[in-house]
Amino acid sequence: MSFVKKSVSTEPIVDTVFAIVRKAKEDVAKNGADVVTDATIGSLYDEQGQLVALDTCFSSLKALDNRVLAKYASAFTGNPDFCKDVYDWVLNGNSTLPHEVIATPGGTGAVDMTISECLDAGQTVILPEIAWGSYKLMAGMNSLNVENYALFDGDAFNIKDLERACKAVMAKQDKLVIVINDPCQNPTGYSMTIDEWKQVVALLNACAKTHEVVLLNDIAYIDFAYGQEKSKEYFKVFDDIDENVAVVVSFSLSKSMTAYGMRCGAAIVMTKNEDNLRDMKNVFEKDARATWSNINNGAMAMFVDVLENHKEEYNAERRKYVALLKERSDIFIQEAAEVGLKHYPYREGFFVTLSMDNDVRDAFHEALMKNHIYTVKVNQGIRVAVCSLSVAKTKGLAKKMKDILDQVA
């Protein structure tokens with residue numbers, strides 16, 4: 001007997017991040033910060049070990065009238081100026097597709113909205129086999145099955161296995177929903193080339209001859225891509241989608257404005273078929289009203305104020321940390337190559353993931369903690385959050401990890 005719906009698992013959630021974060025903090029309290037390397041936290045930290053909260057953003061927030069912070073948004077789909085500025089900021093002039101923007105509680109809200117409203121219970125969503133764990137959790141909570149595709153073919157995106165996954169799901173249902181987290185993929189730090197995106201669009205168009213296709217492009221880390229504006233040029237490729245294809249871009253203020261706890265983001269829906277666009281907008285609007293009702297008005301007002309009145313200052317401050325992130329990742333990647341520490345293809349972003357089978361991973365993870373190094377286990381690997389490590393902590397880390405791995409493997 002149970003008081004919850006039968007289709008959902010009642011097993012406790014496996015906390016792969018915060019439990020390890022707690023262990024790292026306990027180790028620091030016992031042995032001191034100099035001894036401990038905490039590479040668990042998926043947020044940007046400065047060289048003094050403090051969470052980065054961009055002054056431009058939070059000065060703007062604090063200058064807002066209390067009533068702006070307190071009141072409801074003007075619409076449950078988001079304030080119109082916010083929705084317009086999100087579209088302009090994200091697409092940066094790189095698409096002409098008809099579109100709609102719906103404000104969401106972080107990028108998570110946009111991802112869950114798309115998965116839950118574009119598939120019926122019992123259908124299958126297509127996910128990368130190495131991915132943010134919450135994708136799978138959302139699928140389960142919505143009574144969906146999962147088909148995984150291999151993320152890499154050597155050092156490149158595995159378009160062949162994505163095609164295999166699409167065909168497998170097409171044989172069972174009349175619609176595809178495919179998740180691609182790019183650029184700065186979590187947890188590997190991979191970013192696709194424009195040619196790889198062209199291959200994806202060609203595949204989607206081929207599938208669209210017989211099936212409806214929804215691509216969910218999760219861009220949570222895009223504003224920390226090392227190419228900056230050039231990293232948004234791949235959006236041009238979406239203009240070549242078939243009329244039977246829709247793209248939902250999931251945007252988050254968490255990373256872009258270091259506003260993790262303010263829970264504000266947006267779903268940008270794009271498709272050539274304006275009837276389908278209207279239907280998606282209407283359903284997403286109702287989902288928003290039924291699920292969270294309203295988005296943080298102060299966060300939306302801050303975003304608009306920063307982009308319309310302090311854009312140059314914001315860009316300068318943010319790019320300073322983009323450069324710091326690149327410095328850290330360059331050190332780790334170079335030293336990993338020098339000592340032969342194997343990792344998945346890394347291009348940019350918050351994380352580097354070491355590649356190994358799950359049995360080795362489990363033993364390695366335990367051995368790392370015994371040596372005061374804290375990381376996060378992911379499928380077929382160990383995630384190292386270079387975003388939260390100082391340059392000093394990053395130097396020499398790859399060799400320490402390789403030495404420990406050699407003792408375990």
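Side chains are part of it too, since the values below use all heavy atoms of this structure and drop only hydrogens, waters and symmetry mates. Just so we're clear, the structure is a prediction, and the values are computed from it rather than from any experiment.
Checked by atom type, the side-chain pair D239/S95 shows a donor-acceptor distance below 3.5 Å. For S256 and R318, the side-chain atoms include no donor-acceptor pair closer than 3.5 Å. A donor-acceptor pair shorter than 3.5 Å can be found between the side chains of Y135 and D218. Looking only at atom types and distance, the side chain of E47 has no donor-acceptor partner in the side chain of S390 under 3.5 Å away. In this structure, a donor-acceptor pair under 3.5 Å is present between the side chains of N379 and N358. Checking E317 against T56 by side-chain atom types alone, a donor-acceptor pair falls below 3.5 Å. Side chains of Y226 and S329: a donor-acceptor N/O pair is present below 3.5 angstrom, by distance only. D174 and H211 are not linked by any side-chain donor-acceptor pair at a separation below 3.5 angstrom, with hydrogens and angles left out of the test. A donor-acceptor contact closer than 3.5 angstrom links the side chains of D38 and T40. With no hydrogens or angles considered, a side-chain donor-acceptor pair links N79 and N297 at under 3.5 Å.
Although no hydrogens or angles enter the test, the distance criterion places no donor-acceptor pair under 3.5 Å between the side chain of T258 and the main chain of K255. Between the side chain of D305 and the backbone N or O of A301, no donor-acceptor pair lies under 3.5 Å. Between the side chain of N92 and the backbone N or O of N94 there is no donor-acceptor pair closer than 3.5 Å. Side-chain N or O atoms of S191 include none that pairs as donor or acceptor with a backbone N or O of R347 at under 3.5 Å. Judged purely by atom type and a 3.5 angstrom limit, Q185 uses its side chain to pair as donor or acceptor with the backbone of T188. Side-chain atoms of K311 do not come within 3.5 Å of backbone N or O of V306 as any donor-acceptor pair. Proximity of a side-chain donor or acceptor of D155 to a complementary backbone N or O of P345 within less than 3.5 Å is not detected. Distance alone, capped at 3.5 Å, places no donor-acceptor pair between the Q334 side chain and the I331 backbone. Counting only distance, with no hydrogens or angles, the side chain of N181 and the backbone of N186 share a donor-acceptor pair below 3.5 Å. At least one donor-acceptor pair under 3.5 Å links the side chain of N205 to the backbone N or O of D242.
Residue-environment remark: NZ (K30) stays at or below the threshold of 12 foreign heavy atoms within 6.0 Å. Within 6.0 Å of the NZ atom in K395, the count of heavy atoms belonging to other residues, nucleotides or ligands does not exceed 12. Atom NZ of K377 has more than 12 neighbouring heavy atoms from other residues, nucleotides or ligands inside a 6.0 Å radius. Atom NZ of K402 has more than 12 neighbouring heavy atoms from other residues, nucleotides or ligands inside a 6.0 Å radius. For CE of M170, the number of neighbouring non-hydrogen atoms (other residues, nucleotides, ligands) closer than 6.0 Å is greater than 12. Residue-environment remark: NZ (K23) stays at or below the threshold of 12 foreign heavy atoms within 6.0 Å. The neighbour count for K272 NZ, taken as heavy atoms of other residues, nucleotides or ligands under 6.0 Å away, is above 12.
No close placement of the Y190 and Y346 rings is indicated, their centers lying 6.0 Å or farther apart. Proximity of the aromatic rings of F238 and W197 is defined here by a centroid distance below 6.0 angstrom, and this criterion is met.
Between the CD1 atom in I115 and the OG atom in S134 there is a gap of 10.0 Å [rounded to 0.5 Å]. The structure places CZ of F303 at 5.0 Å from CE of M257, a figure rounded to the nearest 0.5 Å. From R319, atom CZ reaches atom CG of L325 across 15.0 Å, with rounding to the nearest 0.5 Å.
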**Message:** For a salt bridge (charged side-chain N to carboxylate O under 4.0 Å, His left out) check, start with the C-alpha distance between K400 and D403, then their side-chain angles and the critical distance, and finish with the verdict.
**Reply:** CA-CA 5 Å; K400 291 177 185 176; D403 289 344; over 6 Å; no

**Request:** Start with the C-alpha distance between Y314 and N309, add both sets of side-chain angles, then the distance that settles side-chain hydrogen bond (donor to acceptor under 3.5 Å, both in side chains), and finish with yes or no.
**Result:** CA-CA 10 Å; Y314 162 66; N309 300 311; over 6 Å; no

**Asked** Does the pair K232 and D223 meet the rule for a salt bridge (charged side-chain N to carboxylate O under 4.0 Å, His left out), with working shown?
**Response** CA-CA 9 Å; K232 298 181 178 182; D223 287 318; 3.5 Å; yes

**Message:** For a side-chain contact (heavy atoms from CB on, under 4.5 Å) check, start with the C-alpha distance between Y234 and V200, then their side-chain angles and the critical distance, and finish with the verdict.
**Reply:** CA-CA 11 Å; Y234 77 93; V200 169; over 6 Å; no

**Request:** Begin from the C-alpha positions of E129 and K136 and carry the test salt bridge (charged side-chain N to carboxylate O under 4.0 Å, His left out) through to its verdict.
**Result:** CA-CA 10 Å; E129 67 178 0; K136 184 178 180 181; over 6 Å; no

**Asked** E274 and R278: salt bridge (charged side-chain N to carboxylate O under 4.0 Å, His left out), yes or no, with the steps?
**Response** CA-CA 6 Å; E274 301 216 27; R278 182 199 61 239; over 6 Å; no

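Using a 4.5 Å heavy-atom cutoff, the side chains of L405 and V360 are in contact. Proximity of E163 to Y149: side-chain heavy atoms (C-beta onward) are nowhere separated by under 4.5 Å. Considering only heavy atoms from C-beta on, I268 comes within 4.5 Å of L91 through its side chain. Looking at T37 and L397, their side chains come closer than 4.5 Å, going by heavy atoms from C-beta outward. Side-chain contact check for D182 versus E196: every heavy-atom pair is 4.5 Å or farther apart. Side-chain contact between M300 and N296 is absent, with no heavy-atom pair separated by less than 4.5 Å. Side-chain contact between P187 and I130 is present, with at least one heavy-atom pair separated by less than 4.5 Å. Between S355 and Q380, every side-chain heavy-atom pair lies at or beyond the 4.5 Å cut-off.
Under the 30°/60° scheme for interplanar angles, the aromatic rings of H99 and Y87 are found to lie parallel. Between F224 and F350, the angle of the ring planes goes over 60°, which puts this pair in the perpendicular group of the 30/60° scheme.
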